[in-house]
Enquirer: 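Next up is a structure, given as structure tokens.
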Amino acid sequence: MGKIIEFENVSFRYEADEDGMLLPLALKDISLSVEQGSFVAVLGHNGSGKSTFAKLTNAINIPEEGRVLVNGLDTREEKNIDEIRRIVGMVFQNPDNQIVATIVEDDVAFGPENLGVEPAEIRSRVDDALNAVGMYDFRESEPYKLSGGQKQRVAIAGVIAMQTQCIVLDEPTAMLDPNGRKEVLSTIKRLNKERGITVVLVTHFMDEAVQADRVVVIDNGRIYLDGTPREVFSQAEKLIAAGLDVPQATQLAKYLNSNGIDIRTDILNEEECIEAIFSLLRSK
Ligand code: ADP
Ligand code: MG
């Protein structure tokens with residue numbers, strides 16, 4: 001598998017503030033690459049640099065030092081930017097800021113129209129994208145009447161219709177209710193598994209990060225942990241030190257273990273926890 005996004009020793013700083021004071025680096029010496037077709041979750045407490053990271057992936061932010069390559073294209077080169085944004089699409093936290101049209105299907109068509117795609121091709125892309133996110137039946141609806149989760153799925157359809165190979169989502173479920181969160185997460189997972197779309201999901205929900213292939217934790221502008229969900233979440237002390245939670249099921253298993261019960265401590269979710277408790281009971 002090739003690498004779709006590569007960060008090479010990337011540092012980034014926002015423009016000096018109104019007093020002209022040089023701001024500290026928001027990201028420091030980040031090196032990492034994202035494999036084509038993978039599902040990567042990015043975790044970190046508020047202000048750790050997650051959004052800054054996300055915006056470096058499609059040339060909204062440009063590195064101060066180091067470089068970011070998207071399919072080998074350097075984001076520092078002006079001439080690469082259109083192509084880069086055709087490869088990596090972004091979805092943000094607030095669905096209301098992303099929907100521009102007054103009818104769902106017009107909104108989804110907006111991206112491909114801007115790319116100059118032929119009308120017949122746009123039609124088929126819009127239908128396909130709305131089907132992919134389970135919103136085809138709402139194609140003629142007015143976005144303001146939709147739930148938060150539905151709006152976020154329309155925003156995702158807008159990216160799908162541009163046929164980007166990679167979607168970067170910056171806390172797309174933060175403003176949603178539990179149902180909306182589930183809808184959006186299952187949509188993202190399906191796009192990754194069935195269409196091979198590379199997913200970078202910035203989130204502060206542990207239960208979402210657990211579902212990724214890989215979890216990258218950013219702390220204070222640096223990469224703090226990077227591994228499979230099991231590798232990362234088994235390091236509870238380190239996560240807590242970075243101001244993050246540990247998934248509830250992992251916490252429970254650790255608690256039981258520290259109280260003398262012989263249970264695995266690398267448990268990620270309720271199902272694994274139940275299975276481990278059953279096997280303990282069976283072995284008695
Ligand atoms: P996160 O998304 O993890 O909450 P951000 O990437 O938004 O973190 O922010 C990282 C750091 O950069 C923080 O210290 C934040 O205050 C600062 N920052 C973010 N956006 C700006 C901006 N537009 N101008 C100046 N500083 C910013
Ligand atoms: Mg953010």
Side-chain angles (χ1 to χ4, degrees), residues 5-32 34 39-68 70 75-76 81 84-85 88-98 148-149 151-152 155-156 159 166-176 180-181 184-185 188 199-210 212 214-227 229 232-233 235 238-247:
I5 299 171
E6 294 170 270
F7 279 59
E8 296 177 352
N9 305 102
V10 172
S11 294
F12 179 85
R13 180 193 319 272
Y14 287 98
E15 293 287 319
D17 65 14
E18 55 269 27
D19 306 331
M21 292 263 288
L22 193 63
L23 293 170
L25 288 171
L27 284 182
K28 297 160 204 157
D29 197 23
I30 301 280
S31 291
L32 115 180
V34 174
F39 175 6
V40 181
V42 177
L43 278 176
H45 68 75
N46 272 344
S48 58
K50 302 181 300 296
S51 295
T52 307
F53 170 82
K55 289 176 185 157
L56 279 154
T57 62
N58 81 340
I60 300 175
N61 288 339
I62 304 296
E64 172 175 311
E65 274 177 58
R67 59 178 191 166
V68 176
V70 173
T75 63
R76 294 173 305 181
I81 290 183
I84 285 168
R85 299 214 174 126
V88 179
M90 290 269 281
V91 174
F92 297 96
Q93 192 176 98
N94 187 342
D96 292 323
N97 298 343
Q98 301 172 75
K151 285 185 213 170
Q152 231 15 345
I156 294 171
V159 174
C166 176
I167 304 189
V168 178
L169 307 103
D170 189 359
E171 303 206 36
T173 63
M175 302 182 74
L176 308 182
R181 279 182 55 202
V184 168
L185 207 78
I188 295 168
V199 172
V200 177
L201 173 67
V202 174
T203 182
H204 63 259
F205 293 111
M206 305 302 134
D207 60 322
E208 295 181 0
V210 158
R214 173 180 172 199
V215 177
V216 175
V217 181
I218 299 184
D219 186 47
N220 193 20
R222 290 182 189 276
I223 293 183
Y224 181 68
L225 295 171
D226 182 352
V232 167
F233 289 115
Q235 305 185 58
K238 284 195 172 174
L239 288 168
I240 291 163
L244 293 170
D245 291 332
V246 177

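Read the numbers this way: they start at 1 and go in the same order the structure lists the ligands and their atoms.
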Enquirer: Answer with yes or no whether G47 contacts ligand 1, where contact means a heavy atom under 4.0 Å from a ligand atom.
Expert: yes
Enquirer: For F205, is the NZ or CZ atom of R181 found under 6.0 angstrom from the centre of its six-membered ring and inside 45 degrees of the ring axis?
Expert: yes
Enquirer: Specify whether the nearest protein heavy atom to atom 15 (C) of ligand 1 is under 4.0 angstrom away.
Expert: no
Enquirer: Going by the atom numbers of ligand 1, which of them fall below 4.0 Å from some non-hydrogen atom of N46?
Expert: 4 (O)
Enquirer: Indicate whether the side chain of D170 and that of S51 have a donor and an acceptor atom separated by less than 3.5 Å.
Expert: yes
Enquirer: Please check atom 1 (P) of ligand 1 for a protein heavy-atom neighbour under 4.0 Å.
Expert: yes
Enquirer: Which atoms of ligand 1 are found less than 4.0 Å from any heavy atom of L23?
Expert: 25 (C)
Enquirer: Examine all N, O or S atoms of N46, backbone included, and report whether one is under 2.8 Å from the Mg ion (ligand 2).
Expert: no
Enquirer: If you look at every heavy atom in P229 and R214, which pair is closest and at what distance?
Expert: CD-N, 4.2 Å
Enquirer: Taking the six-membered ring for Trp, are the ring centroids of F53 and F7 within less than 6.0 Å of each other?
Expert: yes
Enquirer: At less than 4.0 angstrom from any non-hydrogen atom of H45, what atoms of ligand 1 do you find?
Expert: 3 (O)
Enquirer: Is ligand 1 less than 4.0 angstrom away from at least one heavy atom of K55?
Expert: no
Enquirer: Judged by atom type as modelled, is there a donor-acceptor pair below 3.5 Å linking the side chain of Q152 to the main-chain atoms of P172?
Expert: yes
Enquirer: Identify the protein heavy atom lying closest to atom 19 (C) of ligand 1, giving its residue, its atom name and the separation to 0.1 Å.
Expert: Y14 CE1, 3.3 Å
Enquirer: Under 4.0 Å from a heavy atom of T52: give me the atoms of ligand 1 that qualify, with their elements.
Expert: 5 (P), 6 (O), 9 (O), 10 (C)
Enquirer: How far is atom 7 (O) of ligand 1 from the closest protein heavy atom, and which atom is that?
Expert: S51 CB, 3.7 Å
Enquirer: Compare every heavy atom of R222 with every heavy atom of D29, then report the nearest pair and how far apart it is.
Expert: CB-NH1, 4.4 Å
Enquirer: Among all the protein's non-hydrogen atoms, which is closest to atom 8 (O) of ligand 1, and how far away is it?
Expert: G49 N, 3.2 Å
Enquirer: Where do F233 and M206 come nearest, in terms of heavy atoms and distance?
Expert: CE2-SD, 3.7 Å
Enquirer: Is it true that E208 and T203 share a donor-acceptor pair across their side chains at a distance under 3.5 Å?
Expert: yes
